Each structure stands twice: as structure tokens, then as C-alpha cells.
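Some notes on the structure that comes next.
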Amino acid sequence: MSTQLSSVEAKRVTTHIIQEMKNRGEKISALTAYDYSMARIVDAAGIDIILVGDSASNVIAGHETTLPITLDQMIYHAQAVVKAVKRAFVVVDLPFGSYQGNSRAALDSAIRIMKESGAHAVKLEGGLEIKDSITRILSAGVPVMGHLGLTPQSIYKFGTYSVRAKESSEADKLLEDAKMLDEIGCFGMVLEKIPSHLTQKVSTSVSIPTIGIGAGPYADGQILVLHDMLGITKEFKPRFLRRYADLHTVMTDAVSNYVKDVKSNDFPNEKESY
């Protein structure tokens, strides 16, 4: 029997279902996706949440950081993903510059994503410093996922991708920010690259689900970048990454064999011709 979900089994995941999963101790699975074909596979395999991440700036566009990707580009990727999805809850990153320091601009950005892509929620990086933007977006009825710990949009501020909140002062602020996100109405939050014991403390201190990446086993769910876990990207080798395939090798071999067959006039053969 196929492990993929049939259309009959595909019950749409909602914020309510995600919250129920935390309440009963069921772990939440999440992955990124940026295009129709990949999102269709991920959704059919049973993922709970698909994040259209600003990591598209790295893995799709080839930028060094997530900062260059634009709101228009995020909407483009989100449109493609939403068209493919029948079950998963689709969250879209608000890109750098589309919400910081201006709650009206933040609301406009969120509304554009929701209206133009058909996505189900948005994600913003930061805590107290972006409270006004989150509150304004929530006031319009748009579900918001928070993001604390290592926040890649602030990479030039931190100057490193190393583990965050190892010091007690930063850990205390992160816990305070997490409680604030919970209290103002976020439906969940990503915790990125923080110590496991802090993840456990946050997850038991807030009522909403926590989704970890490089944050240990105590989060309510886990997320990875799709291209990393499939082994398409090879250079990125953080401690937290588990590769579930080696598609870089598979794809390289396939293309090499195609080139060889074309050069030798083996492809197309008689059966492959009209």
C-alpha cells in the first residue's frame, strides 16, 4: 500500500489541527518548498507544514544570505507551492525589509502574500522589536508564526551563524520573547539553533507549538530545508542536518549518462522515435 495520501485521506491541516497536535503530544513535521513539483511531492508524502522560506534566496537564487529576496519573489514562489498543495498548511516568510520598523508596511506585505498567493499564514523573524508589526498583521485576521534564536535576516548584526542564546541574558530574552509571541496570538514559532535545554524550557512555557531547526528534540515539531535533507546541496553540513537522500549524486549521474547517450547517438533510439 502506498505511503502517499489519497485525496480521500487528505484532510487540510489548519492552525487548530496544529495546536491539537501539540496538545496531544504528536510531533509536527515541516519542510520548506519553493516550487510546484517539489511541493506536490512533499505534500503527498504527508508533511504537516510547508514553509515557503526566504531560504529560496540561497538554494534557488544562489545568494549568500536571505536578505536579497524580494516580496514579489516570495509571492511568486508561494503561488507555485499553493497550487500543488492539497493537505499541508502553507506558511510564507515575510522577506527582509517588508515588515521591520513599519507596522503598516508589515500589514501591507502580509495582505499581498495572502491575497496573491493563497497561502495560509506568514512568518516573521524577531521578538519584542517587531511586536507592533505582528499585532497589526494579527488584527487583520492573518495567522502569524514567529521565529526566534538564530534569525538569518539579522546575520550582519550577529556576524555568525553559530548557536544563539548560550548566555543566560540572551536565553532570558528569548524566553520572554517566546511568551510574548504566545500572548499576542501567534499560532506557533520556529526556534532556530538554540541549546536543547532552552528549547525544552520554551516549549513547556508557551501554549503554542514550537518548531525546531538545530534546536534539539524537545520542540513540538521539526523543520529542515528541503534541498539540504534531500542531499541536493553538498556544501552545507551543519551538525543538526540529517540527509535522507543523496540526490546530488543521483542527479549528477543521470545528467552525465544523458550527455554520454546523446554524444554517442544512443539517445533517442528507434523505440523512442516516431
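A quick note: this is a predicted structure, and the numbers were derived from the prediction, not measured. When a residue number appears, it is its place in the shown sequence, counting from 1.
Of the possible donor and acceptor atoms, one in the side chain of N257 sits under 3.5 Å from a partner among the backbone N and O of D253. In terms of modelled atom types and a separation under 3.5 Å, the side chain of R87 and the main chain of V13 share no donor-acceptor contact. The backbone N or O of S37 lies less than 3.5 Å from a partner atom in the side chain of D35, making a donor-acceptor pair. Using a distance-only test at 3.5 Å, with no hydrogens or angles considered, a donor-acceptor pair links the side chain of D48 to the main chain of S29. Of the possible polar contacts, one joining the E170 side chain to the A165 backbone as a donor-acceptor pair under 3.5 Å is found.
Y36 forms part of no hydrophobic cluster, judged by ILVMFWY side-chain heavy-atom separations under 4.5 Å. Apart from Y34 itself, the hydrophobic cluster it occupies contains V59, I60, V225, where clustering links Ile, Leu, Val, Met, Phe, Trp and Tyr at side-chain heavy-atom distances under 4.5 Å.
K179 meets the side chain to side chain donor-acceptor pair (under 3.5 Å) test with no other residue; sequence neighbours excluded. Residues passing the side chain to side chain donor-acceptor pair (under 3.5 Å) test with Q200, sequence neighbours excluded: none.
The neighbour count for E272 CD, taken as heavy atoms of other residues, nucleotides or ligands under 6.0 Å away, is above 12. Summarising the local packing, NZ of K173 is surrounded by more than 12 heavy atoms from other residues, nucleotides or ligands at distances under 6.0 Å. Other residues, nucleotides and ligands contribute at most 12 non-hydrogen atoms within 6.0 Å of the NZ atom of K83. No more than 12 heavy atoms of other residues, nucleotides or ligands sit less than 6.0 Å from atom CG of N265.
Using a 4.5 Å heavy-atom cutoff, the side chains of F89 and I18 are in contact. A 4.5 Å side-chain heavy-atom check between M145 and I211 finds at least one atom pair inside the cut-off.
Ion pairing between D220 and K22 holds under the 4.0 Å rule for side-chain N and carboxylate O. Salt-bridge formation is not detected for the pair K131/D177: no Lys NZ or Arg NE/NH1/NH2 atom is positioned less than 4.0 Å from an Asp or Glu carboxylate oxygen. The residues K123 and D54 are annotated as not salt-bridged, no charged nitrogen and carboxylate oxygen being separated by less than 4.0 angstrom. Between R104 and D108, at least one side-chain N (NZ, or NE/NH1/NH2) sits under 4.0 Å from a carboxylate O, which counts as a salt bridge.
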Let me have the donor-acceptor pairs involving side chains of residues 188-199, under 3.5 Å, with sequence neighbours excluded, atom names and distances please.
unit_1	atom_1	unit_2	atom_2	d
E192	OE1	H147	NE2	3.0
K193	NZ	Y161	O	2.7
T199	OG1	P195	O	3.4
T199	OG1	A215	O	2.7

Take L124 and V122 through the test side-chain contact (heavy atoms from CB on, under 4.5 Å) and record every step on the way to the result. CA-CA 7 Å; L124 289 72; V122 297; 3.8 Å; yes
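Judged by distance alone, the side chains of E20 and H16 do bring a donor and an acceptor atom under 3.5 Å apart. Residues Q153 and Q100 have side chains that bring a donor and an acceptor to within less than 3.5 angstrom of each other. Side chains of T66 and S57: no donor on one and acceptor on the other come within 3.5 Å.
Remark: of the listed residues V91, V52, V92, V92 is the sole one forming a side-chain contact (heavy atoms from CB on, under 4.5 Å) with I113.
Pairs engaging residues 237-252 under the salt bridge (charged side-chain N to carboxylate O under 4.0 Å, His left out) rule: K234-D246 [sequence neighbours left out].
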